[in-house]
Chemist: 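Following this message is one structure expressed as structure tokens.
Because only heavy atoms are used, hydrogens play no part in the values below, and waters and symmetry mates are left out as well, while side chains stay in. If you're wondering where the values come from, they're calculated on a predicted model, not measured in any experiment.
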Amino acid sequence: RLADSLRFKQWKPKEQYFAKTQFIYSHNRLNIKPYFQYFNEKITNRGYPRQPYNETAFDDYYNTWRSNSGIDVSKQFENKSNLRIITAYNNFKRIKNTFVKDLTTLNNTLSNTPGSQDTTLFNLFISRGSWNTSNKTTLNYQLGYEINIESTYGKRIEGGSQEQTDLALFGSFEWNPFSEFIIKPALRYSYNSNYEAPLIPSFNAKFHKKNFTYRVSYARGFRAPSLKELHFEFIDINHNIVGNQNLIAEQSNNYNFDITYSNKKSKFNIDFSGFFNDIDNLITLAISPLNPQQYTYVNIGEFKTIGSQINSSFKLSDFAFDIGTSYTGRSNNINNDTIPLFTFSPEFKANVIY
């Protein structure tokens, strides 16, 4: 029998600590909510005794620290307008150490095997502020800003360290030409330190008449690749995933419509909606074209989804019924190899409550 063969566990022992605190101050329509969250975890992975003499073993220790702190400030003014600012900072740190355990003396020695020692750091700063008016007029508006600064450091980060900054200004206004009709256009201007971001418009409209409500919307989308998708390398005995610096930012056009009928007397509701999404350069994880044993992040030239759904709910005596169906199609164009037809998948659901 191997010496101390029971030291290896299929379920790795975990030691975890959680902490959270929050303070709320309210006075004269001013709300201030600072908070702090903390998490610490240690995973111990003790290895089998090594051949040929079973006197040593590799032991791995994974230590993770994560903290999240922030403040949420909001103020409502006498004219019903309000200001809200949210600021947060997130820190993530992970250290992996591999030791050579001498099972005769119980001494530990740091392993010199490549990849056995690793430290990874992620930092994220976010701030978002908005000013909203809510007057009893036909026109209201919203103005705001957003800041995202992300940085990372570690041996598994290409170049040792990377940083990406996103800055944005946005605005919208809501127009009620008459009580049943609302129009809400919006515009967002963004700056990304690594990619050129376009102007991002959106448009929403709502019309309500008796028991019917109609909604239509359009929005343009933009997403720059994350630092993980660009530079993170995750290579060990079980994984082989590398980032891709040649990724292109995603851009999309999104269309939605919705019709709802609601009858409060009969307690009956039915909703019909449809959507179409056209995404250029969708980012996804796939087998590397250069190495079939490796995964990396790639762009899909064109990715489209289209679909519709119907949901209904009604009450009968002591019973409540919820019935719905959806039909979704997907199509993609990879390396200009077009698949012309959508691949559709149906879905049904039913729920009864007594």
Side-chain angles (χ1 to χ4, degrees), residues 122 124 126 128 146-152 156-159 161-170 172 185-204 216-235 239-257 274-308 326-345:
F122 278 92
L124 178 63
I126 296 175
R128 178 184 173 95
E146 190 171 291
I147 301 173
N148 289 271
I149 302 174
E150 184 182 14
S151 62
T152 180
R156 293 189 293 175
I157 304 300
E158 190 169 2
S161 63
Q162 298 290 338
E163 183 174 311
Q164 183 166 256
T165 301
D166 277 296
L167 307 174
L169 296 173
F170 58 87
S172 67
L187 189 66
R188 178 185 177 96
Y189 170 76
S190 300
Y191 164 79
N192 183 278
S193 58
N194 297 328
Y195 292 86
E196 184 177 354
L199 284 173
I200 303 174
S202 66
F203 175 82
N204 293 270
V216 294
S217 66
Y218 162 78
R220 186 175 182 182
F222 171 83
R223 186 180 81 85
S226 67
L227 292 181
K228 176 183 176 181
E229 294 166 335
L230 289 168
H231 305 290
F232 188 64
E233 296 183 357
F234 187 15
I235 302 174
H239 305 85
N240 192 347
I241 303 173
V242 297
N244 181 3
Q245 292 189 64
N246 298 317
L247 288 175
I248 303 172
E250 294 180 0
Q251 297 197 44
S252 62
N253 291 284
N254 311 278
Y255 306 85
N256 290 272
F257 74 90
F275 66 89
F276 175 67
N277 299 314
D278 186 359
I279 306 174
D280 291 331
N281 301 311
L282 177 73
I283 299 172
T284 187
L285 189 65
I287 296 176
S288 171
L290 304 177
N291 183 357
Q293 304 300 320
Q294 189 175 77
Y295 280 80
T296 188
Y297 294 93
V298 300
N299 288 110
I300 296 177
E302 294 180 6
F303 181 81
K304 300 178 181 180
T305 60
I306 189 171
S308 61
S326 64
Y327 199 56
T328 304
R330 300 170 181 84
S331 176
N332 59 54
N333 179 347
I334 303 175
N335 296 326
N336 295 321
D337 182 16
T338 303
I339 301 175
L341 298 178
F342 283 87
T343 302
F344 285 91
S345 59

Chemist: Using a 3.5 Å distance criterion without hydrogens, assess whether the side chain of Ser190 forms a donor-acceptor pair with backbone atoms of Ala168.
Modeler: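 No; judged by distance alone, with no hydrogens or angles, the pair does not exist.
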
Chemist: To the nearest 0.5 Å, tell me how far His231 NE2 sits from Thr152 OG1.
Modeler: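 Taking NE2 in His231 and OG1 in Thr152, the distance rounds to 9.5 Å.
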
Chemist: Would you tell me whether Thr305 and Asn277 have side-chain atoms, one donor and one acceptor, within less than 3.5 Å of each other?
Modeler: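 Per modelled atom types, Thr305 and Asn277 side chains form a pair under 3.5 Å.
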
Chemist: Minimum heavy-atom separation for Ser308 to Phe275, with atom names?
Modeler: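 For Ser308 and Phe275, the tightest heavy-atom pair comes out as N-CE2, 4.3 Å.
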
Chemist: Using only atom types and a distance under 3.5 Å, with no angle test, would you say the side chain of Gln294 pairs donor to acceptor with the backbone of Leu290?
Modeler: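 No; zero donor-acceptor contacts below 3.5 Å.
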
Chemist: Please work out which of the three classes, parallel, tilted or perpendicular, describes the rings of Tyr327 and Phe344, given edges at 30° and 60°.
Modeler: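 If you compare the ring of Phe344 with that of Tyr327, the planes turn out parallel.
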
Chemist: Could you check whether any side-chain heavy atom of Thr296 comes within less than 4.5 Å of a side-chain heavy atom of Ile241, counting everything from C-beta outward?
Modeler: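 Side-chain contact under 4.5 Å: no.
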
Chemist: Could you walk me through whether Ser193 and Tyr191 pass the side-chain contact (heavy atoms from CB on, under 4.5 Å) check?
Modeler: CA-CA 7 Å; Ser193 58; Tyr191 164 79; 4.1 Å; yes

Chemist: Would the distance check show the side chain of Glu302 and the main-chain N or O of Asn281 forming a donor-acceptor pair, the cut-off being under 3.5 Å?
Modeler: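 Here the side-chain-to-backbone pair does not exist.
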
Chemist: Indicate the atoms forming the closest heavy-atom contact of Asn204 with Ser217, along with that distance.
Modeler: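 It is OD1-CB, 3.1 Å.
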
Chemist: Do Gln164 and Asn194 pass the side-chain hydrogen bond (donor to acceptor under 3.5 Å, both in side chains) test, and can you show the C-alpha distance, the side-chain angles, and the key distance before you say yes or no?
Modeler: CA-CA 7 Å; Gln164 183 166 256; Asn194 297 328; 3.0 Å; yes

Chemist: So which heavy atom on Phe222 is nearest to which on Glu196, and how close?
Modeler: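 Residues Phe222 and Glu196, closest heavy atoms: CE1-O, 3.9 Å.
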
Chemist: If you count every heavy atom of other residues, nucleotides or ligands that lies below 6.0 Å from Tyr189 atom OH, does the total exceed 12?
Modeler: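 Check fails, neighbour count at 12 or below.
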
Chemist: Quick one, Phe203 and Arg220 - any side-chain contact, counting heavy atoms below 4.5 Å?
Modeler: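 With C-beta onward as the side chain, the pair stays apart.
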
Chemist: If we only count heavy atoms from C-beta on, is the Ile126 to Ile147 side-chain gap below 4.5 Å?
Modeler: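 Result no, sub-4.5 Å side-chain heavy-atom pair not found.
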
Chemist: For Gln293 and Asn240, which heavy atoms make the closest approach, and how far apart are they?
Modeler: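 Where Gln293 meets Asn240 most closely, the heavy atoms are O-ND2, 3.4 Å.
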
Chemist: Hydrogens and angles aside, do Glu150 and Asn148 bring a side-chain donor and acceptor to less than 3.5 Å of each other?
Modeler: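 Distance-only check fails for Glu150 and Asn148.
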
Chemist: Run the numbers on Ser202 and Arg188 for side-chain contact (heavy atoms from CB on, under 4.5 Å), then give the verdict.
Modeler: CA-CA 9 Å; Ser202 66; Arg188 178 185 177 96; over 6 Å; no

Chemist: Looking at side-chain heavy atoms only, is the closest gap between Tyr195 and Leu247 below 4.5 Å?
Modeler: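 SC-SC contact between Tyr195 and Leu247 confirmed.
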
Chemist: Nearest 0.5 Å, please: how far is CG in Asn299 from CG in Leu282?
Modeler: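 Atom-to-atom, Leu282:CG and Asn299:CG are 8.0 Å apart.
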
Chemist: Grab the two heavy atoms, one from Phe276 and one from Ile306, that are nearest each other, plus how far apart they are.
Modeler: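 Closest heavy-atom pair between Phe276 and Ile306: CD1-CB, 3.9 Å.
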
Chemist: I'd like to check Ser151 versus Gln162 (side-chain heavy atoms, cut-off strictly below 4.5 Å). Are they in contact?
Modeler: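 Not in contact.
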
Chemist: Is Lys228 salt-bridged to Glu233, cutoff N-O under 4.0 Å?
Modeler: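 Judged by the 4.0 Å cut-off on N to carboxylate O distance, Lys228 and Glu233 do not form a salt bridge.
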
Chemist: Take atom OH in Tyr295; do more than 12 heavy atoms of anything else shown fall under 6.0 Å from it?
Modeler: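 No, because the 6.0 Å sphere around OH of Tyr295 holds 12 heavy atoms or fewer from other groups.
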
Chemist: Return the CZ to CD distance between Phe170 and Glu146, rounded to the nearest 0.5 Å.
Modeler: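 It comes to 6.5 Å.
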
Chemist: Is there a donor-acceptor contact under 3.5 Å linking the side chains of Asn253 and Tyr218?
Modeler: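 Side chains of Asn253 and Tyr218: pair found under 3.5 Å.
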
Chemist: Would a 4.5 Å heavy-atom cut-off, applied to side chains only, mark Ile149 and Glu163 as touching?
Modeler: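 The answer is yes, as the side chains (C-beta and beyond) meet within the 4.5 Å cut-off.
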
Chemist: Taking Asn254 for the side chain and Ala219 for the main chain, is one N or O donor matched with an acceptor at less than 3.5 Å?
Modeler: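 Yes: the side chain of Asn254 pairs with the backbone of Ala219.
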
Chemist: Kindly compute the distance separating CD (Glu250) from CZ (Arg223), expressed to the nearest 0.5 Å.
Modeler: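 So the gap between those two atoms works out to 4.0 Å.
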
Chemist: When you compare the side chain of Glu229 with that of Ile283, does any pair of heavy atoms fall below 4.5 Å?
Modeler: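 Heavy-atom side-chain distance check passes, below 4.5 Å.
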
Chemist: Mind checking the CZ-OG spacing from Phe303 to Ser252? Nearest 0.5 Å is all I need.
Modeler: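 Rounded to the nearest 0.5 Å, the CZ-OG separation comes to 11.5 Å.
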
Chemist: First locate atom CG of Leu169, then atom CG of Leu187, and finally report the distance between them rounded to the nearest 0.5 Å.
Modeler: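 If I round to the nearest 0.5 Å, the distance is 10.0 Å.
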
Chemist: Minimum heavy-atom separation for Asn291 and Ile287, please, with both atom names.
Modeler: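 Reported closest heavy-atom pair: O-CG2, 4.2 Å.
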
Chemist: Quick check: do Glu158 and Gln245 have side-chain heavy atoms less than 4.5 Å from each other?
Modeler: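 Yes, at least one pair of side-chain atoms sits under 4.5 Å.
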
Chemist: Ignoring hydrogens and geometry, is there a side-chain-to-backbone donor-acceptor pair from Asn244 to Tyr297 under 3.5 Å?
Modeler: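 Pair found, side chain donor or acceptor close to backbone of Tyr297.
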
